[in-house]
Visitor: 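Dropping the structure in here first, questions after.
All chains are named by letter (A, B, ...) in the order of the sequence lines, taking the proteins before the strands, and each is independently numbered beginning at 1. Only a predicted model underlies this, so the values are computations on that prediction, with no experimental measurement involved.
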Protein chains: 2
Amino acid sequence: MVEKLIESLRKKGLKITPQRLAIFRVLKDNKSHPGAEEIYQRVRKDYPTISLATVYQTLETLEQIGGIRILRFDRRKTRYDPDLSPHHHLICTRCQKITDLHDDYSETVRLPPSLTNRFQINGFNVVFYGICGECRKKRKSQKRKAK
Amino acid sequence: MVEKLIESLRKKGLKITPQRLAIFRVLKDNKSHPGAEEIYQRVRKDYPTISLATVYQTLETLEQIGGIRILRFDRRKTRYDPDLSPHHHLICTRCQKITDLHDDYSETVRLPPSLTNRFQINGFNVVFYGICGECRKKRKSQKRKAK
DNA sequence: GTCTATGCAAATAATTTGCAGTAAT
DNA sequence: ATTACTGCAAATTATTTGCATAGAC
């Protein structure tokens with residue numbers, strides 16, 4: 001995994017810095033879709049002098065070389081996803097939690113032919129909006145209190 | 001159109017203020033997915049004393065009563081969409097332009113049964129990422145210059 | 001008259017930028 | 001030795017909040 005990343009960096013003539021590797025390692029098995037700040041806090045444990053700006057820059061770099069995905073549908077902050085397999089997301093509009101959905105719609109979700117020459121598609125993502133189980137429970141108990 | 005909005009406001013016990021109507025009117029035939037600032041500038045022409053904070057608040061309100069959709073996938077800013085018909089979006093990752101795609105995937109894009117009882121879906125949106133025609137042209141000419 | 005909505009200013013929070021020093025090549 | 005990368009601090013930008021006043025009901 002990290003080897004692949006190193007190779008990708010080399011190919012693009014980018015430098016293999018300990019910070020880049022550390023950030024990638026923090027992210028690579030993480031299914032929680034963390035934001036920059038969370039990643040920063042984790043990486044700091046090993047690299048106490050790293051700065052938040054470097055984290056932001058590095059995450060952009062990692063996306064550009066195809067190492068991670070950047071998720072920009074959270075109202076509050078950008079989130080980062082190391083999972084590059086075709087998958088989609090469920091967003092709880094109450095608590096903002098993001099859940100993965102490993103379901104491949106690439107056979108059915110297609111750009112209509114009339115647009116394929118006007119727009120060069122690099123990928124797509126399906127985002128489901130709704131209320132997660134936890135929030136539904138909470139809401140029910142709140143309604144009970146309200147009475 | 002505006003009549004429906006007024007009714008929705010009434011139903012929820014919300015007040016029918018000139019600001020709310022003005023913001024909705026600005027938005028209702030707008031296909032450009034404007035941000036709060038742009039909406040603010042337009043509404044200002046008729047209501048010079050309106051504040052940006054009111055615009056933000058009102059847009060939230062309009063979403064809550066089902067009058068508009070809020071689009072949160074632009075890196076830079078939240079965008080607002082008056083089109084409530086089932087449609088999806090193409091995003092140019094270079095210029096950030098958002099194009100509508102009126103194509104209904106509701107028959108094929110479904111949450112797997114294993115999740116339907118754990119997550120209450122209110123809707124979904126397909127986002128295509130790519131490069132728009134204009135940006136492709138620009139890029140080509142830039143490459144030419146670079147040589 | 002009551003109570004919500006507005007306008008203003010200040011606060012917040014995420015992200016970006018400029019630049020000098022540091023380290024990977 | 002070169003040139004890209006990092007760390008720091010400051011800047012920027014979108015959005016939110018608190019509160020007094022105005023306005024819809």
Visitor: Look at the side-chain N and O atoms of B:Thr78 and state whether any lies under 4.0 Å from the OP1 or OP2 oxygen of D:dT15.
Guide: yes

Visitor: Let me know the distance between CG of B:Leu21 and P of D:dA24, rounded to the nearest Å.
Guide: 10 Å

Visitor: Between B:Arg75 and C:dA14, does any side-chain N or O lie under 4.0 Å from OP1 or OP2?
Guide: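 Checking B:Arg75 against C:dA14: no side-chain N or O falls below 4.0 Å of OP1 or OP2.
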
Visitor: Decide if atom CZ of A:Arg72 counts as having more than 12 heavy atoms of other residues, nucleotides or ligands within a radius under 6.0 Å.
Guide: yes

Visitor: Taking 4.0 Å as the cut-off, does a side-chain nitrogen or oxygen of B:Thr17 come that near to OP1 or OP2 on C:dA5?
Guide: no

Visitor: Between C1' on C:dT12 and CG on B:Leu52, what's the gap in Å once rounded to a whole number?
Guide: 15 Å

Visitor: List the atom pairs, with distances to 0.1 Å, where a side-chain N or O of residues 102-115 of chain A and a protein N or O form a donor-acceptor pair under 3.5 Å, not counting sequence neighbours.
Guide:
{"residue": "A:His102", "atom": "NE2", "partner": "A:Asp83", "partner atom": "OD2", "Å": "2.7"}
{"residue": "A:His102", "atom": "NE2", "partner": "A:Ser85", "partner atom": "OG", "Å": "3.1"}
{"residue": "A:Asp104", "atom": "OD1", "partner": "A:Ser106", "partner atom": "N", "Å": "2.8"}
{"residue": "A:Asp104", "atom": "OD1", "partner": "A:Ser106", "partner atom": "OG", "Å": "2.7"}
{"residue": "A:Asp104", "atom": "OD2", "partner": "A:Ser106", "partner atom": "OG", "Å": "3.4"}
{"residue": "A:Tyr105", "atom": "OH", "partner": "B:Arg110", "partner atom": "O", "Å": "2.9"}
{"residue": "A:Thr108", "atom": "OG1", "partner": "A:Tyr105", "partner atom": "O", "Å": "3.2"}
{"residue": "A:Arg110", "atom": "NE", "partner": "A:Ser106", "partner atom": "O", "Å": "3.3"}

Visitor: Quickly work out the B:Ile23 CD1 to C:dT6 P distance and round it to whole Å.
Guide: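 Atom CD1 in B:Ile23 sits about 7 Å away from atom P in C:dT6.
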
Visitor: Starting at CD of B:Glu38 and ending at C1' of D:dT13, how long is that distance when rounded to a whole Å?
Guide: 14 Å

Visitor: Can you check whether B:Tyr56 has a side-chain N or O nearer than 4.0 Å to OP1 or OP2 of D:dT16?
Guide: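 Checking B:Tyr56 against D:dT16: no side-chain N or O falls below 4.0 Å of OP1 or OP2.
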
Visitor: Counting only side-chain N and O atoms of A:Gln19, is one of them less than 4.0 Å from OP1 or OP2 of D:dG7?
Guide: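 Yes, such a contact exists.
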
Visitor: Please work out if B:Pro48 contacts a base, only the sugar-phosphate, or nothing of the nucleic acid, heavy-atom cut-off 4.0 Å.
Guide: nothing

Visitor: Whole angstroms only, please: what is the CD-C1' distance between A:Glu60 and C:dT17?
Guide: 14 Å

Visitor: Please tell me if B:Thr54 has a side-chain N or O lying less than 4.0 Å from either OP1 or OP2 of C:dG7.
Guide: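 Yes.
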
Visitor: Find out whether A:Arg76 and A:Gln96 are in side-chain contact, i.e. whether some heavy atom of one side chain is under 4.5 Å from a heavy atom of the other.
Guide: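 The answer is yes; the side chains approach within 4.5 Å.
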
Visitor: What is the distance from CZ of A:Arg79 to C1' of C:dA14, rounded to the nearest Å?
Guide: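 The distance from CZ of A:Arg79 to C1' of C:dA14 comes to 13 Å, rounded to the nearest Å.
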
Visitor: Need to verify one output field. Residue with the more 5' nearest nucleotide on DNA chain D, B:Lys77 or A:Gly13?
Guide: A:Gly13

Visitor: Rounded to the nearest Å, what distance is computed from the CD atom of residue B:Gln57 to the C1' atom of nucleotide C:dG7?
Guide: 9 Å

Visitor: For B:Thr49, which contact category applies under a 4.0 Å heavy-atom criterion: base, sugar-phosphate, or nothing?
Guide: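 The residue B:Thr49 makes sugar-phosphate contact but no base contact.
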
Visitor: Can you see if the side chain of A:Arg76 gets near the phosphate of C:dA13 - specifically, an N or O under 4.0 Å from OP1 or OP2?
Guide: no

Visitor: Are B:His89 and B:Asp81 close enough, and set up right, to give a side chain to side chain donor-acceptor pair (under 3.5 Å), and what steps lead you there?
Guide: CA-CA 11 Å; B:His89 299 95; B:Asp81 191 344; 3.2 Å; yes

Visitor: Between B:Phe124 and B:His88, is the ring centre distance below 6.0 Å?
Guide: yes

Visitor: If each of B:Lys15 and A:Ala53 is mapped to the nucleotide of DNA chain C with the nearest heavy atom, which maps nearer the 5' terminus, i.e. the 5' end?
Guide: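 First, find each residue's nearest nucleotide; the 5'-ward one identifies B:Lys15.
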
Visitor: Of the candidate nucleotides C:dA5, C:dC8, D:dC5, which contains the atom at the shortest distance from the side chain of B:Leu14?
Guide: C:dA5

Visitor: Specify the separation, in whole Å, of atom CG of A:Asp74 and atom C1' of D:dT15.
Guide: 14 Å

